[in-house]
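The structure appears below as structure tokens.
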Amino acid sequence: MSAVKRLPGFQDILPEDRVYWDYVMSKATGLAQRYGFLRLDPPVVESINLFARGNGEASDFFVNKEMYAIEESDGSYVALRPEFTAGMVRAYVNNGMHSRPQPVKLYTFGPAFRRERQQAGRFRQHTQFDCEILGETDPAADLEIMMLAMSVFKEIGYSELEFQLNSTGCKTCKPGYVQALKDYLGDHLDKLAEIDQQRLKLNPLRILDSKEKGMNELLAGAPHIVDHLCEDCETHFNDLRAMLEKLGTPYKINFRLVRGIDYYTKTVFEVWDSRIGAQGSLCGGGRYDGLAEAIGGSSTPGVGFGLGIERAVLGMKAEEITPPSPPEPTIFVAHFGGDTKLAAVDITYQLRSAGIGTRLAFARDRRSMKSQMREANKYPISYAIIVGDGELAEGKVTIRPMFEGSGDQYQHPIEDVLAEIQKAAGNG
RNA sequence: GCGGGUAUGGCGAAACGGUUAUCGCGCUUGGUUGUGGCCCAGGAGUUCUGGGUUCGAUUCCCAGUACUCGCCCCA
């Protein structure tokens with residue numbers, strides 16, 4: 001029988017990779033806290049309605065949107081969350097967080113699921129760092145979200161970062177723009193790929209980020225949404241730009257950056273690694289002033305971003321950023337079984353209780369000292385404590401320094417081993 | 001759902017239409033009785049599966065499967 005295999009699109013995060021993850025997560029957490037965000041973890045599973053929201057037949061929706069849906073015994077559907085924002089807003093609404101000081105600034109970490117085919121950096125289970133500011137319309141909140149997103153990468157050590165920025169308008173001005181875009185593309189139907197002709201009917205904004213050939217040329221003459229914004233959206237956009245410029249933060253207006261669903265409003269942004277170019281999108285976010293209402297809450301403005309840890313780690317490796325190594329035991333305790341093993345166990349737990357990382361040699365029977373020392377040598381051990389019959393009879397153990405340029409081994413009274421190691425390790 | 005690429009021991013590679021398929025790393029055992037890193041000797045691999053071509057295939061062809069990259073979708 002062949003071994004059970006990991007599901008396609010899912011991954012095992014091995015110890016060597018996990019240190020990258022921990023690094024990203026510690027930087028992100030530290031920044032979020034410094035910005036005054038509080039952690040809130042919504043559940044992994046939510047009602048399908050949270051994500052489907054009146055988009056016609058729910059089953060079509062979650063099949064089309066590659067969602068992991070589970071049928072309950074009463075015939076209703078629940079889903080593994082495909083993203084965080086909806087759950088965060090639901091939590092805000094359900095927990096009456098509008099009665100807290102506004103805005104409410106929240107962050108979280110966790111897995112999200114999309115039933116999609118695997119490609120570079122995209123998995124069926126991916127892990128996100130997510131931040132939201134709820135209950136605030138000030139573009140300074142948009143700025144805060146953007147700066148927080150970029151700062152995570154900056155702190156990790158990314159060197160060439162910039163924003164791609166656009167506005168997606170609001171229910172007042174977006175329809176007018178969509179019509180203008182449709183009119184323009186309708187005049188050039190013959191130049192549209194089949195897939196884009198489909199999109200023209202279903203979701204014309206998506207044509208803006210089409211990957212079909214010739215789109216750069218065709219879209220060069222297309223209308224830009226920033227020329228179609230209503231007064232409110234235009235002011236918001238300009239205020240945000242003024243703040244970015246005040247901070248000297250590089251950004252490019254990218255009229256092809258869009259959101260197709262209508263509860264998205266105003267700001268849309270991505271953080272790009274400008275060295276990688278068009279494929280360099282590291283994370284994205286934006287404003288969604290219509291979402292709370294769409295899920296049945298009272299109108300609450302919101303802005304946020306989600307950052308995929310996998311993508312951040314991939315970039316770290318590309319940038320050759322090495323995360324710090326986790327602490328490892330520096331003391332090794334070797335023995336020869338029998339009474340020496342009992343003494344070794346005792347010493348090991350004395351050291352561990354004192355907060356000293358210690359590795360005990362395992363051996364069901366007597367094990368050769370060569371083998372034990374070879375084991376110790378595989379780890380960053382600075383002192384080996386050897387509990388031998390001879391020393392034990394005299395109430396002593398051997399302490400053998402193992403770091404480079406260390407001195408000779410020596411014997412030391414067993415009852416004083418902890419103090420001796422504390423002293424030696426303090427100097428070493 | 002659609003399309004491209006790749007499939008050799010834990011990992012990275014090599015080889016050839018034909019006797020026991022090679023190397024490095026790693027793992028593991030041992031090198032006299034209680035001691036690391038070097039060195040030496042030994043140990044572990046049905047060349048993804050199933051067909052086909054052939055006297056004979058790991059090597060050629062086909063299918064399947066897996067992995068991978070891209071498209072669709074991206075809240």
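In what follows, chains are A, B, ... by sequence order, proteins preceding strands, each numbered from 1. Keep in mind that this is a model prediction, so the values were computed, not measured.
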Atom [atom1], compared across [N] and [M]: separation rounded to whole Å:
N      : M      : atom1 : result
G36(B) : G31(B) : C1'   : 15 Å
U47(B) : G18(B) : C1'   : 16 Å
A63(B) : G26(B) : C1'   : 36 Å
A57(B) : C73(B) : C1'   : 43 Å
G10(B) : U28(B) : C1'   : 13 Å
U6(B)  : A13(B) : P     : 14 Å
A14(B) : G50(B) : C1'   : 27 Å

Can you spot which of R6(A), Q125(A), E310(A) makes a side-chain hydrogen bond (donor to acceptor under 3.5 Å, both in side chains) with Q11(A)?
-> E310(A)
Closest listed nucleotide, where the reference is the side chain of [X] and the choices are [options]:
X       : options                : result
P8(A)   : C67(B), A75(B), G34(B) : C67(B)
K211(A) : C74(B), G70(B), G34(B) : C74(B)
N377(A) : U68(B), C74(B), G37(B) : G37(B)
E391(A) : G34(B), G36(B), C73(B) : G34(B)
R122(A) : C73(B), A75(B), G31(B) : C73(B)
Q118(A) : A75(B), C69(B), C71(B) : C69(B)
R199(A) : C73(B), C74(B), U35(B) : C73(B)

Mind checking if [X] touches a base, just sugar-phosphate, or nothing, with heavy atoms under 4.0 Å?
X       : value
Y264(A) : sugar-phosphate
R259(A) : sugar-phosphate
A376(A) : nothing
Q409(A) : base
R115(A) : nothing
G390(A) : base

Is the distance between the ring centroids of Y263(A) and Y288(A) less than 6.0 Å?
-> no
Y107(A) and F37(A) aromatic centres sub-6.0 Å = no
Given atom [atom1] of [X] and atom [atom2] of [N], what is their separation to the nearest angstrom?
X       : N      : atom1 : atom2 : answer
K213(A) : C71(B) : NZ    : P     : 13 Å
F332(A) : G34(B) : CZ    : P     : 16 Å
R124(A) : C67(B) : CZ    : P     : 10 Å
R374(A) : U28(B) : CZ    : C1'   : 10 Å
Q372(A) : G34(B) : CD    : C1'   : 9 Å
M215(A) : C71(B) : CE    : P     : 15 Å
L50(A)  : A75(B) : CG    : P     : 15 Å
M373(A) : G36(B) : CE    : C1'   : 5 Å

Measure from NZ or CZ of K317(A) to the centre of the six-membered ring of Y20(A), then state whether that distance is under 6.0 Å and the direction lies within 45° of the axis.
-> yes
Assess whether atom CZ of R100(A) is packed by more than 12 heavy atoms of other residues, nucleotides or ligands within 6.0 Å.
-> no
Output side-chain donor-acceptor pairs under 3.5 Å for residues 333-343 of chain A, partner residues at least two apart or in another chain, one line each.
residue, atom, partner, partner atom, Å
H335(A), ND1, G337(A), N, 3.0
H335(A), NE2, A361(A), O, 3.0
T340(A), OG1, F336(A), N, 2.8
T340(A), OG1, G337(A), N, 3.1
T340(A), OG1, G337(A), O, 2.5
K341(A), NZ, A363(A), O, 3.1

Residue-phosphate contact under 4.0 Å: Q119(A) side-chain N/O, C71(B) OP1/OP2 = yes
Given C73(B), is OP1 or OP2 found less than 4.0 Å from the side-chain N or O atoms of R206(A)?
-> no
Mind listing the N/O atom pairs, protein and nucleotides 1-8 of chain B, below 3.5 Å?
residue, atom, partner, partner atom, Å
C2(B), N4, R117(A), NH1, 3.2

Tabulated below should be each protein N or O lying under 3.5 Å from an N or O of nucleotides 24-27 of chain B; please produce it.
none

Side chains of Q102(A) and M97(A) in contact at under 4.5 Å (non-hydrogen atoms) | no
Report yes if some heavy atom in the side chain of E234(A) is under 4.5 Å from a heavy atom in the side chain of V226(A); otherwise report no.
-> no
Side-chain ion pair, R400(A) and D408(A), N-O less than 4.0 Å = no
Any side-chain donor near an acceptor of the partner, Q409(A) and Y383(A), under 3.5 Å | no
Does the pair Y251(A) and F269(A) meet the rule for a ring-ring contact (aromatic ring centres under 6.0 Å, His included), with working shown?
-> CA-CA 10 Å; Y251(A) 73 92; F269(A) 77 93; over 10 Å; no
Check against salt bridge (Lys or Arg N to Asp or Glu O under 4.0 Å), R367(A) and E375(A) = CA-CA 12 Å; R367(A) 179 176 163 201; E375(A) 180 187 344; 2.8 Å; yes
